[in-house]
There are 2 protein chains.
Amino acid sequence: MQAALLDRTFHALSDPTRRAMVQRLSRGPASVSELAKPLAISLPAVMQHLQVLEGSGLVRSEKTGRVRTCSVEPKMLTLAEHWIAERRAQWERKLDRLADYLDATASENDNAKEESK
Amino acid sequence: MQAALLDRTFHALSDPTRRAMVQRLSRGPASVSELAKPLAISLPAVMQHLQVLEGSGLVRSEKTGRVRTCSVEPKMLTLAEHWIAERRAQWERKLDRLADYLDATASENDNAKEESK
DNA sequence: CCAATACTTAAGTATATACTTAAGTATCAT
DNA sequence: ATGATACTTAAGTATATACTTAAGTATTGG
């Protein structure tokens, strides 16, 4: 039932600017203008991306004085990572079962190999 | 320089219908109508989602006779998974270094503990 | 052959995104 | 107090998404 959270998290990660922001923040906290500095877009645009990131839970921020400091929230990274890992694991188990089946079938049609061991 | 690929992959995963399709395909190949059956949308809509999934490389499909069979392409799952895992790992290394620094600082200011052992 | 099946294409609509510029509002330094 | 700093809000625009229905095109079973 965390579908909406995954929607927001994957959507947040689907934009190169936002991934750049996450990448920067994974090296440690930063202010909004530090985040904006390497980006070729206006500050309001950075704010909007930041809102998307915060809306997904990937990033948190707190304002002290006139500076807003942003940091990565690793829980959401883990949630997204796990969703993918589970699909991949399921696909790999499926592959393994297929391989087993093919092995079994092969040794039925070619039992010399099994009996010769 | 695989930014565009990551864009497309995360975007593909940001929609619950497409995630449902990937989830179904991670259990094994399926035809377009098998994919559509549990979904409450029209077949053309399913086709459009399929095109997004194929465009990202998450899914491949092949038509034989009048049936198109779709299957997961795990390479792209792995690519997306790795991008996230690397950011998380970087964040965790950063945390570790911070912990080390705090430990070192603590033992400087409170050397009784270290010397009493 | 011809009708059912399994997609496929086309066209239209409504909403959401990713920006922009202009005009704010608090803080901070002097 | 006042100018500079660091955001923040508002409003507008252009493009992209996620659907829909209607009308195709190949395949296949009888």
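Naming convention: chains lettered A, B, ... in sequence-line order (proteins, then strands); numbering from 1 in each chain. What you see is a predicted model; the values in this text were computed from it and never measured.
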Applying side chain to side chain contact (heavy atoms under 4.5 Å, CB included), name anything that partners B:Gln23, two or more places apart in sequence or on another chain. A:Trp83, A:Arg87

Set of residues satisfying side-chain hydrogen bond (donor to acceptor under 3.5 Å, both in side chains) with respect to B:Glu92, sequence neighbours excluded: B:Arg88

Hey, what are the protein-to-nucleotides 20-24 of chain D N/O distances that come in under 3.5 Å?
from   : atom 1 : to      : atom 2 : distance (Å)
D:dT20 : OP2    : B:Ser42 : N      : 2.9
D:dT20 : OP2    : B:Ser42 : OG     : 2.6
D:dT20 : O4     : B:Gln48 : NE2    : 3.2

Identify whether A:Val22 and A:Leu50 are in the same connected component of the hydrophobic contact network (ILVMFWY, side-chain heavy atoms under 4.5 Å). yes

Which residues in residues 7-15 of chain B have at least one heavy atom lying under 4.0 Å from any atom of DNA chain C? none

What are the residues of residues 53-69 of chain B, sorted by number, that bring a heavy atom to within less than 4.0 Å of DNA chain C? B:Lys63, B:Arg66, B:Val67, B:Arg68

Would you name the heavy atoms of A:Val46 and A:Leu39 that are closest together and state the gap between them? CG2-CD1, 4.1 Å

Looking at A:His11, is its backbone amide N or carbonyl O close enough to the side chain of A:Ser14 to form a donor-acceptor pair, meaning the two atoms are under 3.5 Å apart? yes

Carefully, step by step, assess B:Leu25 and B:Leu58 under the rule side-chain contact (heavy atoms from CB on, under 4.5 Å). CA-CA 10 Å; B:Leu25 291 177; B:Leu58 281 167; over 6 Å; no

B:Gln51: side-chain hydrogen bond (donor to acceptor under 3.5 Å, both in side chains) partners, not counting sequence neighbours: none

Output yes when at least one side-chain N/O atom of A:His49 is less than 4.0 Å from OP1 or OP2 of C:dC19, else no. yes

Near DNA chain C, under 4.0 Å by heavy atom, which residues of residues 27-39 of chain A? none

Report the distance from atom CG of A:Leu53 to atom CG of A:Leu13, rounding to the nearest 0.5 Å. 7.5 Å

Please, which pairs that meet side chain to side chain donor-acceptor pair (under 3.5 Å) have at least one residue in residues 27-50 of chain B, sequence neighbours excluded? B:Arg18-B:His49

Go through the structure and list residues passing side-chain hydrogen bond (donor to acceptor under 3.5 Å, both in side chains) with A:Ser26, not counting sequence neighbours. B:Gln90

Please tabulate, for the side chains in residues 63-80 of chain B, all donor-acceptor contacts under 3.5 angstrom to protein atoms that are two or more places apart in sequence or on a different chain.
from    : atom 1 : to      : atom 2 : distance (Å)
B:Arg68 : NH1    : B:Ser61 : OG     : 2.9
B:Glu73 : OE1    : B:Arg60 : NE     : 2.6
B:Thr78 : OG1    : B:Pro74 : O      : 3.0

So, using side-chain hydrogen bond (donor to acceptor under 3.5 Å, both in side chains) as the criterion, who are the partners of B:Arg19 when residues are at least two apart? A:Asp7

